[in-house]
Amino acid sequence: MKEIKLDLGNSSYSVFIGSLGELNFAGKVAVVTNPKVAGLHFKTLLSKIKAPEVYAISVPDGEEYKNLSNVESILEQCFISRLDRKSTIISFGGGVISDMAGFAASIYERGIGYVGVPTTLLAAVDASVGGKTGVNNKFGKNLIGSFYQPSAVYIDTSFLATLDSREIAAGMAEAIKMAVMFDEGFFNELAKKSLSYDEIIAKCVSLKADVVSQDEKEAGLRAVLNYGHTFAHVIECEGGYSTHLHGEAVAIGMVMANTLACELGLLSADEAQKIKNALEAYNLPTSYKIKDTNAFYEAFFHDKKSMDGNIKFILTNGKIGSHIIKGDISKDIVIKVLSKFC
Ligand SMILES: NC(=O)c1ccc[n+]([C@@H]2O[C@H](COP(=O)([O-])OP(=O)(O)OC[C@H]3O[C@@H](n4cnc5c(N)ncnc54)[C@H](O)[C@@H]3O)[C@@H](O)[C@H]2O)c1
Ligand SMILES: [Zn+2]
């Protein structure tokens, strides 16, 4: 069992990677999950939980259900089960479940215990760590939420065995994102496909732990984790959130960000190609047809990160393994880059 600590003062906690052992709780436990994950793995999780009472709370499966009304349904079921301040909510699923369960835990009676057990690669490498919780609404993705750290995260890669290949690839996109931004050696290993899931997850969690420990509330450095995401959010939105998985859109978004970086002299064509090759090695999409560059550009402003009218692009800073946040790129240059995808 590998333990990675997040150093966040009073909210410090550990992420454990390895075979899930007994999970002991003094108070009641509610496991938030969905029918798919529950059908595949609930019995296994249940056999590990030792608590006075354990409840299962199920929400429908899918990003379209990541909304306030399902958080309210989670809260109602918590009240029906009479959870109290000594109780714990366990999120058991992918990022959709951890975002909602974490949010519910943060507001139920002003905050109760919260533990993460991610079951997708994307949630293991990214969503389950760092304390961002929340839901979508008609104005956009993740616009309602809180920063609420779990008290522990348990990652057991045996749960990942039932994921389909598209979901695995989507998780790899986030891993490649972290490597390109922070660690050239890790990138090279990923490109060679020489690492196990346990090794990939451990590396990503350490990198994210490091970033979140320095900048929990995204005043600066944490924004670097949004590399590729400014473009990805537009791609996801244009496809009605159904044509591309989040990680797939991020893969294309990174290729677009790299094209912009090349244009600005912040990445060589050679290194951009290396990143593209790595994405393709994991069967991630790297091409996209932009129909209207102006509409695509305007859509950047719907992202909450650019609501002040200033789009911040996260780019490599000269080479793989380095990053820079650029807020001063002219519209002309961005449109020129977007036209390369028409
Ligand atoms: N809070 C954060 O820091 C953060 C970071 C990245 C992404 N996110 C959020 O995470 C979400 C995406 O997460 P995701 O990619 O895990 O999607 P997801 O939660 O929708 O899971 C993807 C699919 O896999 C299924 N699934 C889950 N575990 C499974 C298993 N073990 N076997 C088979 N199927 C399984 C799910 O039921 C779902 O159908 C987005 O809403 C995104 O906004 C949050
Ligand atoms: Zn992401």
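Remember, it's 1-based here, ligands and their atoms both numbered in the order they're listed.
Taking a 6.0 Å sphere around NZ of Lys217, one finds it holds 12 or fewer heavy atoms contributed by other residues, nucleotides or ligands. Crowding of Phe341 atom CZ: a count of heavy atoms from other residues, nucleotides or ligands under 6.0 Å exceeding 12. Heavy-atom contacts from other residues, nucleotides or ligands closer than 6.0 Å to CD of Glu72 number 12 or fewer.
The shortest heavy-atom distance from Glu236 to ligand 1 is not under 4.0 Å. Residue contacts with ligand 1 do not include His246, since none of its heavy atoms lies under 4.0 Å from the ligand.
Salt bridge annotation for Glu53-Lys28: present, with a cationic side-chain nitrogen under 4.0 angstrom from a carboxylate oxygen. The pair Glu216-Arg222 does not meet the salt-bridge criterion, since no charged nitrogen lies less than 4.0 angstrom from a carboxylate oxygen. Here Asp126 pairs with Lys208 in a salt bridge; the nearest charged N to carboxylate O distance falls below 4.0 Å.
Ligand-side atoms of ligand 1 in range of Lys132: 1 (N), 3 (O), range being under 4.0 angstrom from any heavy atom. For ligand 1, the atoms lying closer than 4.0 Å to a non-hydrogen atom of Lys208 are 3 (O). Heavy-atom proximity to His41, at under 4.0 Å, picks out these atoms of ligand 1: 31 (N).
A distance of 10.5 Å separates OG in Ser47 from CZ in Phe42, rounded to the nearest 0.5 Å. Distance CG/Leu284 to CZ/Arg166: 10.5 Å, rounded to 0.5 Å.
Considering backbone and side-chain atoms together, Glu63 places an N or O closer than 3.5 Å to an N or O of ligand 1. Considering backbone and side-chain atoms alike, Gly95 places an N or O below 3.5 Å from some N or O of ligand 1. At least one N/O-N/O distance between Phe159 and ligand 1 falls below 3.5 Å. Between Val96 and ligand 1, a contact under 3.5 Å exists for at least one N or O pair.
Nearest to atom 15 (O) of ligand 1 by heavy-atom distance, out of Asn142, Thr33, Leu122, Leu225, is Leu122. Summarising the contacts of atom 16 (O) of ligand 1 with Val125, Thr120, Asn226, the nearest heavy atom is found in Thr120. Across the listed options Leu163, Asp126, Leu245, Val250, Leu163 owns the non-hydrogen atom lying nearest to atom 29 (C) of ligand 1. Nearest residue to atom 42 (C) of ligand 1 from Lys66, His229, Lys36 is Lys66 (criterion: closest heavy atom). Of the candidates Thr119, Thr162, Leu40, it is Thr119 that places a heavy atom closest to atom 28 (N) of ligand 1.
Remark: minimum distance from atom 5 (C) of ligand 1 to any protein heavy atom is reached at Ala127 CA, 3.4 Å. Nearest to atom 23 (C) of ligand 1 among the protein's heavy atoms is Glu167 OE2, 3.4 Å. Asp99 OD2, 3.4 Å is the protein heavy atom nearest to atom 9 (C) of ligand 1.
For the pair Lys193 and Tyr282, the cation-pi test (distance below 6.0 Å, angle within 45°) is passed.
Classified by interplanar angle (parallel below 30°, tilted 30° to 60°, perpendicular above 60°), the ring pair Tyr114/Tyr148 is parallel.
Here the Zn ion (ligand 2) is the vertex; the NE2 atom in His246 and the OE2 atom in Glu174 give an angle of 90° (to 10°).
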Open item on the list: Test salt bridge (Lys or Arg N to Asp or Glu O under 4.0 Å) on Lys48 and Glu22; report intermediate values, then the result.
Closed with: CA-CA 5 Å; Lys48 309 285 182 184; Glu22 223 173 65; over 6 Å; no
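Residue contacts with ligand 1 for Thr133 are absent, since no atom lies close enough (heavy atoms, distance under 4.0 Å).
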